[in-house]
Amino acid sequence: MLTTSLPGGTWTLGDLTITRFGYGAMQLAGPWVMGPPADHDGALAVLQEAVALGITHIDTSDAYGPVVTNQLIREALHPYPASLHIVTKVGANRDAQGGWPPARDPESLRRAVHDNLRHLGLDVLDLVNLRLGNAEGPVAGSLAEPFETLAELQQQGLIRHLGVSTATAEQVAEAQAIAPIVCVQNMYNLAYRQDDDLIDTLAGQGVAYVPYFPLGGFSPLQSSALSAVATRLGATPMSVALSWLLQRSPNILLIPGTSSAAHLRENVAGAGLPLSAEDLAELDQIGASA
Ligand SMILES: NC(=O)c1ccc[n+]([C@@H]2O[C@H](COP(=O)([O-])OP(=O)(O)OC[C@H]3O[C@@H](n4cnc5c(N)ncnc54)[C@H](OP(=O)(O)O)[C@@H]3O)[C@@H](O)[C@H]2O)c1
């Protein structure tokens with residue numbers, strides 16, 4: 001059984017127990033998630049620090065770089081500790097301009113799964129998210145064809161568990177009618193709370209919700225209410241934002257991104273703040289006014 005002193009404790013994804021405090025590897029690639037990092041050894045050190053801190057959940061994708069973060073993960077951590085679970089996503093490529101064109105036809109998805117296995121040096125991918133929508137967010141429409149393709153790859157033993165990303169509540173339900181999912185990875189943070197109802201529904205089903213951009217992503221969270229609560233608690237706004245997510249619902253898993261080992265340590269150290277009813281009421285205003 002996995003025990004951890006990381007804030008939030010653990011969560012079970014299907015048959016895999018992971019720390020709720022994970023690490024999102026996207027920031028390890030070059031600017032705008034294209035090309036190699038300026039500091040290759042520094043990127044390897046961040047990944048090694050994540051594992052040294054006891055994190056057992058790393059989020060990645062072949063689209064980051066492209067391929068850069070998966071190569072870094074393999075270089076830094078392979079052979080992987082048995083407790084480490086790497087979560088990847090398929091369904092988008094990169095173009096020369098840094099765009100994220102969809103690649104959800106069956107052939108592209110099969111290729112993407114095999115590419116991820118090869119780049120990460122794995123025989124089975126622990127969890128694959130089907131990325132839907134686009135850079136602006138979820139887009140309504142059936143996911144049957146791409147999700148059935150991933151379910152087939154799961155039946156072939158190439159994928160242990162499935163999830164969806166940038167999905168509407170209807171798409172989540174449609175996926176669940178095809179094959180079980182263990183997580184939904186959507187954009188969500190203190191200021192962006194479109195998925196409040198979905199989070200509660202998934203919590204009732206024992207399905208994880210993994211917010212991307214937990215710190216605001218490319219536009220860091222900024223709010224006078226957040227700064228006021230942070231000042232009162234003698235903490236950073238990032239610590240408050242992460243603590244709020246862990247406290248928001250037990251099925252929320254964190255994958256904050258950073259290219260800095262110091263920031264990673266700071267985030268781990270700060271994410272366990274107990275927030276009072278007064279703090280929560282003040283922080284709730286941020287999402288309500290966004
Ligand atoms: N499913 C999807 O479509 C999707 C989309 C986007 C992201 N994701 C996943 O979600 C993960 C998290 O998203 P994200 O990394 O884009 O956004 P994020 O976690 O909200 O924020 C990352 C930003 O916060 C900064 N930061 C982190 N800790 C900090 C600290 N202690 N002090 C100051 N700055 C700090 C980072 O800069 P430094 O590098 O300087 O620390 C980086 O610029 C990604 O890594 C990726 O795995 C998934």
Side-chain angles (χ1 to χ4, degrees), residues 7 21-34 37-39 42-43 45-47 49-50 53 55 57-66 68-70 72-73 85-94 98-104 116 127-139 163-167 171 183-192 195 208-222 226-227 230 235-245 252-271 273:
F21 199 109
Y23 170 67
M26 189 176 85
Q27 302 292 341
L28 293 182
W32 300 106
V33 202
M34 287 295 277
D39 178 1
V46 174
L47 289 159
E49 182 70 13
L53 288 165
I55 288 172
H57 168 203
I58 294 181
D59 185 78
T60 185
S61 170
D62 254 352
Y64 301 160
V68 168
T69 59
N70 279 351
L72 289 167
I73 290 169
H85 300 293
I86 299 172
V87 176
T88 192
K89 66 190 80 62
V90 294
N93 282 336
R94 301 302 296 281
W100 305 75
R104 296 197 279 268
N116 272 278
L127 168 48
V128 175
N129 284 311
L130 173 64
R131 185 185 186 273
L132 300 158
N134 58 32
E136 278 75 55
V139 176
V164 290
S165 177
T166 320
Q171 288 167 333
C183 78
V184 174
Q185 184 177 123
N186 276 4
M187 179 173 165
Y188 182 83
N189 57 45
L190 257 177
Y192 186 86
D195 277 348
Y209 183 89
V210 187
Y212 68 77
F213 296 161
L215 298 170
F218 296 105
S219 324
L221 286 172
Q222 279 182 320
L226 176 58
S227 301
T236 64
M238 277 77 65
S239 298
V240 174
L242 295 175
S243 302
W244 178 81
L245 284 169
I252 289 189
L253 310 181
L254 298 185
I255 51 165
T258 179
S259 54
S260 147
H263 285 173
L264 178 61
R265 283 191 291 273
E266 211 175 283
N267 294 343
V268 166
L273 292 170

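Whatever order the structure lists them in is the order used to number ligands and atoms, beginning at 1. These figures come from a predicted structure and were not determined experimentally.
- Using the six-membered ring where Trp is involved, Phe213 and Phe218 have ring planes that are perpendicular, over 60° apart on the 30 and 60° scheme.
- Listed by chain and residue number, the protein contacts of ligand 1 are Gly24, Ala25, Met26, Gln27, Asp59, Tyr64, Lys89, Arg131, Ser165, Thr166, Gln185, Tyr212, Phe213, Pro214, Leu215, Gly216, Gly217, Met238, Ile255, Pro256, Gly257, Thr258, Ser259, His263, Glu266, Asn267 (heavy atom within 4.0 angstrom).
- When the side-chain hydrogen bond (donor to acceptor under 3.5 Å, both in side chains) test is applied to Thr69, the partners found at least two apart in sequence or on another chain are Thr60.
- Here the side chain of Arg94 pairs a donor or acceptor atom with the backbone of Val33 at under 3.5 angstrom.
- For Ser239, the side-chain hydrogen bond (donor to acceptor under 3.5 Å, both in side chains) partners at least two apart in sequence or on another chain are Thr236.
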Practice task
Take Leu127 and Cys183 through the test side-chain contact (heavy atoms from CB on, under 4.5 Å) and record every step on the way to the result.
Solution key: CA-CA 9 Å; Leu127 168 48; Cys183 78; 3.8 Å; yes
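- Residues satisfying the side-chain hydrogen bond (donor to acceptor under 3.5 Å, both in side chains) criterion with Tyr209, sequence neighbours excluded, are Asp195.
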